[in-house]
Amino acid sequence: MSSPSTPPITSRLPQVGTTIFTVMSALAQEHGAVNLGQGFPDFEGDPTLVDAVAAAMRAGHNQYPPMTGIPALREAIARKITTLYGLPCDPVSEVTVTAGATQAIITAVLALVHPGDEVIVLDPCYDSYEPSILLAGGVPVHVALTPGSFRPDFDAIAAALGPRTRAIIINSPHNPSATVWSADDMRRLAELLRPTSTLLISDEVYEHMVYDGAQHQSVARWPELAARALIVSSFGKTYHVTGWKVGYVVAPAALMAEFRKVHQFNVFTVNTPMQHGLAAYMAEAGPYLGLPAYYQRKRDLFRAGLAGSRLRLLPSEGSYFQVVDYSAISSLGELDFCRFLTQERGVAAIPLSAFYPDAREQGLVRFCYAKRDDTLNQALERLQGL
Ligand SMILES: Cc1ncc(COP(=O)(O)O)c(C=O)c1O
């Protein structure tokens, strides 16, 4: 008898390997570095929320919930969307609870993108967009945000829009650049999309992290855009519980009906007790309304600590990221500079090149400041003298 062997396979995603986040986190651990690379808090969420989830489990909310999410949570989400952004939202037909934003995005793409359809992504961008498009048989069309400022380049977007463009994916506040789209940006996007049948996937996971008194320009504030959009958010980011992987999508009923056809077969439902806990916790707006002040203070602490260094700080208008230009210090490539920072200085960061398909070099790296003050202070001490 021949020995057992695994048949050869052709990869659906041949270009995908180990992500930079895994690589840098492993390097950080090996060198005892402060990990400001991967984007997650190193502090706990509110115990009230944890208690609400535990109470839901004890109350017996442990079996499959409805496919679309429990009504109380969908109602809380719809109320929030209407209260904050003014968009009427039907919790029955226009809201679905997802297993985080990443599942929401791939589900939206699989539901709406047909083989050969083009989808515009604005680089640099979150790394799940491209594989999602490729798995749907779509064609990613890469348009760079303006180098230096990372503002949307509407001429370039206009040039990329064509009869095969099924959708465009936008993300504000933006990972990794920490820029925030303005009302004028939204107006220009609406003008560009008006004559087209292009759908909009709006990744708004950092919606509550906008600083200096600016307002988050949710697509939900722009009815013309909302009519063609799937708006995605994540409780993981908002409530400091990234490991819970619970998020949601809001979309007009016709789009949502298609979204749910795919959602039903790639997760079916999202875990029940967390939905009950989140629904109860959402009754209070304080936790998310207080987020800008909470993170702005951390941002300011981190920026003040770096002000004396030769790192040039780009603006951090939103999200919990800070991009720095290190070209006054080193001519190393971005990945090598991150290795140097981790190994020699004991602080891990992420190269911006990791967010571009062509891995372009701009002398920029990204830090995450969603960390305890003592973590940030320790990192700042180690970065002294750069
Ligand atoms: C822009 C962006 N979208 C989506 C996500 C993923 O969110 P979730 O953990 O809810 O899947 C992240 C997480 O880093 C992100 O930065």
Side-chain angles (χ1 to χ4, degrees), residues 19-22 24-25 35-42 45 49 69 73 77 95-110 119-133 140 145 150 152 167-181 200-210 216-219 229-250 259 263 266-267 270-271 274-275 278 288 291 295 316-323 348-352 354-356 366-371:
T19 75
I20 185 69
F21 305 102
T22 308
M24 291 313 301
S25 288
N35 192 353
L36 303 189
Q38 209 167 353
F40 62 86
D42 70 344
L49 173 58
L73 183 55
I77 294 165
V95 181
T96 299
V97 178
T98 62
T102 312
Q103 185 249 321
I105 292 163
I106 192 168
T107 303
V109 171
L110 290 173
V119 181
I120 297 175
V121 293
L122 306 179
D123 294 331
C125 66
Y126 182 57
D127 60 355
S128 85
Y129 301 164
E130 166 136 340
S132 300
I133 297 163
L145 293 164
F150 297 101
I168 175 168
I169 305 179
I170 64 170
N171 168 223
S172 173
H174 185 243
N175 175 14
S177 77
T179 51
V180 169
W181 284 36
L200 177 59
I201 298 172
S202 185
D203 179 346
E204 303 188 10
V205 298
Y206 301 105
E207 63 179 318
H208 299 298
M209 300 166 206
V210 174
H216 169 55
Q217 291 300 325
S218 175
V219 160
L230 296 102
I231 299 168
V232 175
S233 194
S234 170
F235 290 113
K237 305 290 180 185
T238 300
Y239 292 143
H240 317 305
V241 286
T242 57
W244 287 15
K245 298 298 288 186
V246 185
Y248 59 88
V249 175
V250 169
F259 179 92
H263 178 78
N266 72 1
V267 287
V270 174
N271 86 70
M274 283 181 186
Q275 292 195 52
L278 286 163
Y288 55 81
L291 224 48
Y295 273 122
S316 178
E317 302 170 337
S319 79
Y320 45 47
F321 300 113
Q322 173 64 57
V323 176
I350 298 290
L352 258 275
F355 297 87
Y356 287 92
R366 188 200 78 177
F367 293 111
C368 169
Y369 53 76
K371 305 293 169 189

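In this text the structure is predicted, and so the values were computed from the model without any measurement. Remember, it's 1-based here, ligands and their atoms both numbered in the order they're listed. Quick note: residue numbers are just sequence positions, from 1.
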Worksheet item: Starting from atom 5 (C) of ligand 1, which protein heavy atom do you reach first, and at what distance in Å?
Response: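 That would be Tyr126 CZ, 3.4 Å.
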
Response to the item:
atom 7 (O) of ligand 1 sits nearest the protein heavy atom Ala101 CB, 3.5 Å

Mark up the atoms of ligand 1 that fall under 4.0 Å of a heavy atom belonging to [X], in ascending order.
X      : result
Asn171 : 1 (C)
Lys245 : 8 (P), 9 (O), 11 (O)
Gly100 : 10 (O), 11 (O)
Asn175 : 1 (C), 15 (C), 16 (O)

What do you reckon, does [X] have a nitrogen or oxygen under 3.5 Å from a nitrogen or oxygen of ligand 1?
X      : value
Tyr129 : no
Asp203 : yes
Ile105 : no
Ser234 : yes

Does the side chain of [Y] come within less than 4.5 Å of [X]'s, by heavy atoms?
X      : Y      : value
Tyr129 : Pro140 : no
Arg366 : Asn175 : yes
Val97  : Leu278 : no
Ile106 : Ser128 : no

Item to complete: Pick out which of Phe40, Phe367, Phe150, Tyr206 makes a ring-ring contact (aromatic ring centres under 6.0 Å, His included) with Phe321.
Response: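 Option passing the ring-ring contact (aromatic ring centres under 6.0 Å, His included) with Phe321: Tyr206.
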
Worksheet item: Is ligand 1 less than 4.0 angstrom away from at least one heavy atom of Tyr206?
Response: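 Within the 4.0 Å threshold, so yes.
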
Worksheet item: Taking atom types as modelled and ignoring hydrogens, do the side chains of His174 and Glu317 form a donor-acceptor contact shorter than 3.5 angstrom?
Response: no

Discussion item. Less than 3.5 Å apart, any donor N or O on the side chain of Ser25 or Thr22 sitting next to an acceptor on the other?
Written reply: no

Worksheet item: In terms of the angle between their ring planes, are Tyr295 and His240 parallel, tilted or perpendicular, with boundaries placed at 30° and 60°?
Response: perpendicular

Worksheet item: If hydrogens are left out, which of Lys237, His174, Gln103, Gln38 has an atom nearest to atom 14 (O) of ligand 1, that is, the closest non-hydrogen atom?
Response: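 Looking at heavy atoms only, Lys237 sits closest to atom 14 (O) of ligand 1.
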
